[in-house]
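Only one structure is covered here, and it is reproduced in the block below.
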Amino acid sequence: MEGATALDFEEAKLFLEGARVYERGDGMWHVYMPVALRTGLRVGEMKALRWRDDIDLRRGRLRVQRSHHKSTASPCPRAASPVSSR
């Protein structure tokens, strides 16, 4: 995106504080936003993660294989791409 810049540390801290205060119907924004900031994943990609299949805490890795879309209300397949938070 033209003219876009990344958040600096202070902006990210304020953003996360705001996410804790702001809750939509699912009440999970305070969980999604730190993951989004560290990985670059979209909310639909985070919602479609499967604990046993996609998340490896020992290695600090997760694998994006699906994305959740409101229009279908179910996970949609996506090309697998490994993401690491390290």
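Under the salt bridge (Lys or Arg N to Asp or Glu O under 4.0 Å) criterion, D53 pairs with no residue, sequence neighbours left out.
What you find for E45 and S67 is that their closest heavy atoms are N-OG, 3.8 Å.
Within the 4.5 Å cutoff, the side chain of Q65 has no heavy atoms near those of the R50 side chain. Inter-residue side-chain proximity for T39 and V64 is flagged as unmet; no heavy-atom pair is nearer than 4.5 Å.
In this structure, R61 CZ and D56 CG are separated by 7.5 Å, a value rounded to the nearest 0.5 Å. In this structure, CE in M33 is found 15.0 Å from CD in E17, a value given to the nearest 0.5 Å.
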Under 3.5 Å, which donor-acceptor pairs link side chains of residues 3-15 to any protein atom two or more places apart or in another chain?
unit_1	atom_1	unit_2	atom_2	d
D8	OD1	E10	N	3.1
D8	OD1	E11	N	2.7
E11	OE1	D8	N	2.9

